[in-house]
Peer 1: 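Sharing a structure below in structure tokens format, with a few things to ask.
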Number of protein chains: 2
Amino acid sequence: MQETPKQASLFTAIADIQRRKILNLLKEGELSVAAIKAHFDFSGATLSHHLNVLKQAELVRVRRQGQQRIYTLNLSVLEELLLLMNQLLKGDEHEKP
Amino acid sequence: MQETPKQASLFTAIADIQRRKILNLLKEGELSVAAIKAHFDFSGATLSHHLNVLKQAELVRVRRQGQQRIYTLNLSVLEELLLLMNQLLKGDEHEKP
DNA sequence: ATTTTATTTAGATTATCATCTAATTATCTA
DNA sequence: TAGATAATTAGATGATAATCTAAATAAAAT
């Protein structure tokens with residue numbers, strides 16, 4: 001029942017609110033870095049850092065498309081987990097019985 | 001679909017591995033501070049700090065019993081969430097179909 | 001009442017992390 | 001090929017968080 005480094009990296013990744021926002025954006029669909037950047041105030045370097053943390057945790061995947069890089073959510077156990085968390089966490093207001 | 005401060009405090013609370021270990025200990029049952037402390041290397045002050053973070057996030061509850069304080073998991077939406085996370089995160093090895 | 005035990009609080013230190021600017025890499029276009 | 005665009009990497013800085021020691025609070029036992 002030991003926690004693996006990979007699992008730990010997940011908790012680290014979702015600890016930051018900006019990264020959680022990025023994940024939420026990507027729920028709508030894949031996005032280039034520039035497209036993501038449009039939603040935030042911080043620099044491109046900072047965004048790149050956040051994306052890297054998410055990538056290390058395998059919460060996102062990247063592919064190149066010309067000079068841009070397209071980020072997508074890694075729709076696996078981990079993504080479903082986040083959706084579940086979101087739903088459950090919002091469960092304060094209206095419990096659906 | 002805005003994240004509340006309370007929800008944010010949850011992510012912060014589970015971001016630290018020591019606090020995750022504490023939560024896992026408490027899954028077995030309620031424990032005094034001293035009993036928890038026996039599992040860790042750091043000081044009582046540090047433990048107190050971590051317990052406070054968990055309490056702020058309402059992941060744990062405290063009651064007094066003489067001179068000790070007994071901590072229990074807050075068995076609510078949030079606790080179930082953690083159990084789910086744990087199960088799902090471990091789901092690498094053996095998917096139960 | 002004094003001492004001991006359990007825990008928290010205060011204040012300081014250290015480590016980690018988010019962020020910035022500047023420089024670099026890679027691709028595309030004129 | 002030169003210049004423009006997209007993104008990452010390097011290195012520095014500031015903020016936040018984990019940890020420590022020492023002091024404070026509170027209950028129990030002697």
Side-chain angles (χ1 to χ4, degrees), chain A residues 3-26 29-74, chain B residues 3-26 29-74:
Chain A
E3 183 176 291
T4 69
K6 182 175 169 181
Q7 288 167 354
S9 76
L10 260 179
F11 287 106
T12 303
I14 64 171
D16 183 82
I17 188 161
Q18 313 294 2
R19 288 193 290 266
R20 293 198 296 274
K21 284 180 188 166
I22 292 172
L23 291 175
N24 270 305
L25 282 175
L26 291 176
E30 55 181 33
L31 290 172
S32 70
V33 173
I36 298 171
K37 187 167 183 327
H39 292 81
F40 295 95
D41 286 336
F42 46 69
S43 74
T46 296
L47 175 55
S48 206
H49 161 71
H50 285 312
L51 290 172
N52 192 47
V53 173
L54 292 171
K55 203 168 53 185
Q56 293 310 118
E58 294 185 56
L59 283 164
V60 299
R61 294 216 175 100
V62 210
R63 70 166 198 279
R64 307 193 71 130
Q65 190 169 83
Q67 50 200 142
Q68 8 190 45
R69 294 186 193 187
I70 310 294
Y71 280 81
T72 67
L73 262 196
N74 189 350
Chain B
E3 182 176 292
T4 69
K6 182 175 169 180
Q7 289 166 353
S9 76
L10 260 179
F11 287 106
T12 303
I14 63 171
D16 184 83
I17 188 160
Q18 313 294 2
R19 287 192 291 266
R20 292 197 298 276
K21 284 180 189 166
I22 293 172
L23 291 175
N24 270 304
L25 282 176
L26 291 175
E30 56 182 31
L31 290 173
S32 70
V33 174
I36 298 171
K37 187 167 183 323
H39 293 81
F40 295 95
D41 285 336
F42 46 67
S43 74
T46 296
L47 175 54
S48 206
H49 161 72
H50 284 312
L51 290 172
N52 192 48
V53 173
L54 291 171
K55 203 169 53 183
Q56 293 309 118
E58 295 186 54
L59 282 165
V60 299
R61 294 216 175 101
V62 211
R63 68 166 200 280
R64 307 192 71 130
Q65 190 170 83
Q67 50 199 143
Q68 8 189 43
R69 295 188 192 186
I70 310 295
Y71 280 81
T72 67
L73 262 196
N74 189 350

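Just so it is clear: chains get the letters A, B, ... in the order the sequence lines come, proteins before strands, and each one is counted from 1. What you are looking at is a predicted structure, and each value in this text was computed from that prediction instead of being measured.
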Peer 1: May I ask you to verify if any side-chain N or O of A/Ser48 is less than 4.0 angstrom from the OP1 or OP2 atom of D/dT8?
Peer 2: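 Checking D/dT8 against A/Ser48, a side-chain N or O does come within under 4.0 Å of OP1 or OP2.
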Peer 1: Would you say a side-chain N or O of A/His49 is under 4.0 Å from OP1 or OP2 of C/dC20?
Peer 2: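 Result: no.
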Peer 1: Within the 3.5 Å criterion, strictly below it, is a donor on B/Thr46 or B/Ser43 matched to an acceptor on the partner's side chain?
Peer 2: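 Looking only at side-chain atoms, B/Ser43 and B/Thr46 do form a donor-acceptor pair, the distance falling under 3.5 Å.
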Peer 1: When you measure from the side chain of B/Asn74 to the backbone of B/Arg61, do you find a donor-acceptor pair of N or O atoms at a distance under 3.5 Å?
Peer 2: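 Here the side-chain-to-backbone pair does not exist.
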Peer 1: What integer distance in Å separates A/Leu54:CG from C/dC17:P?
Peer 2: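 Atom-to-atom, A/Leu54 to C/dC17, this comes out as 14 Å.
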Peer 1: So, is B/Tyr71 close to the C/dT8 phosphate, meaning a side-chain N or O under 4.0 Å from OP1 or OP2?
Peer 2: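 For C/dT8, OP1/OP2 do have a side-chain N/O of B/Tyr71 under 4.0 Å.
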Peer 1: Tell me the interatomic distance from B/Ile17, atom CD1, to D/dA17, atom P, rounded to whole angstroms.
Peer 2: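 Going from CD1 in B/Ile17 over to P in D/dA17 covers 18 Å.
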Peer 1: To the nearest Å, how far apart are A/Lys21 NZ and C/dA18 P?
Peer 2: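 Between P of C/dA18 and NZ of A/Lys21: 14 Å.
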Peer 1: Roughly, in whole Å, what's the span from CZ in B/Arg64 to C1' in C/dT7?
Peer 2: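 One finds 8 Å between C1' of C/dT7 and CZ of B/Arg64, rounded.
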Peer 1: Using only atom types and a distance under 3.5 Å, with no angle test, would you say the side chain of B/His49 pairs donor to acceptor with the backbone of B/Ala45?
Peer 2: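 Judged by distance alone, no pair lies under 3.5 Å.
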Peer 1: CG of A/Asn52 versus C1' of D/dA6: gap in Å, rounded?
Peer 2: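 After rounding, the gap between these two atoms is 16 Å.
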Peer 1: When the distance from CG of A/Asp16 to P of C/dT16 is rounded to whole Å, what number comes out?
Peer 2: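 It works out to 17 Å between those atoms.
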Peer 1: Among residues 34-44 of chain A, which residues get a heavy atom nearer than 4.0 Å to DNA chain C?
Peer 2: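 Result for residues 34-44 of chain A: A/Phe42, A/Ser43, sorted by number.
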Peer 1: Out of curiosity, B/Lys55 NZ to B/Tyr71 OH, how far, rounded to the nearest 0.5 Å?
Peer 2: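 The NZ atom of B/Lys55 sits 4.5 Å away from the OH atom of B/Tyr71.
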Peer 1: Closer than 4.0 Å, any side-chain N/O of A/Arg19 to the OP1 or OP2 of C/dA18?
Peer 2: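 Indeed, a polar side-chain atom of A/Arg19 lies that close.
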Peer 1: Counting only side-chain N and O atoms of B/Gln67, is one of them less than 4.0 Å from OP1 or OP2 of D/dT25?
Peer 2: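 For B/Gln67, the contact criterion (side-chain N or O under 4.0 Å from OP1 or OP2 of D/dT25) is not met.
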Peer 1: Using atom types as modelled and distance alone, determine if a side-chain donor or acceptor of A/Arg19 lies under 3.5 Å from a backbone N or O of A/Ala13.
Peer 2: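 Answer holds: yes.
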Peer 1: Against the six-membered ring of A/Phe11, is B/Arg20 placed for a cation-pi contact (under 6.0 Å from the centre, within 45° of the normal)?
Peer 2: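 Yes, a cation-pi geometry.
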Peer 1: Over how many whole Å does the gap from B/Ile70 atom CD1 to C/dT7 atom P extend?
Peer 2: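 Spelled out: CD1 on B/Ile70 to P on C/dT7 is 7 Å.
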Peer 1: Going from NE2 on B/His50 to CD on B/Gln18, what distance comes out if it is rounded to the nearest 0.5 angstrom?
Peer 2: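 Going from the NE2 atom of B/His50 to the CD atom of B/Gln18 covers 5.5 Å.
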Peer 1: Please tell me which of B/Ser32 and A/Ala45 maps to the more 5' nucleotide of DNA chain C, matching each residue to the nucleotide holding its nearest heavy atom.
Peer 2: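 Residue closer to the 5' terminus by nearest nucleotide: B/Ser32.
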Peer 1: Pick the closest DNA chain C nucleotide for A/Arg69 and for B/Val62 by heavy atoms, then say which residue is nearer the 5' end.
Peer 2: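 The answer here is B/Val62.
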Peer 1: Would one find a side-chain N or O of B/Gln68 under 4.0 angstrom from OP1 or OP2 of D/dA26?
Peer 2: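 It does not, given that no N or O in the side chain of B/Gln68 lies less than 4.0 Å from OP1 or OP2 of D/dA26.
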Peer 1: Separation of B/His50 atom NE2 from C/dT7 atom P, in whole Å?
Peer 2: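 After rounding, the gap between these two atoms is 16 Å.
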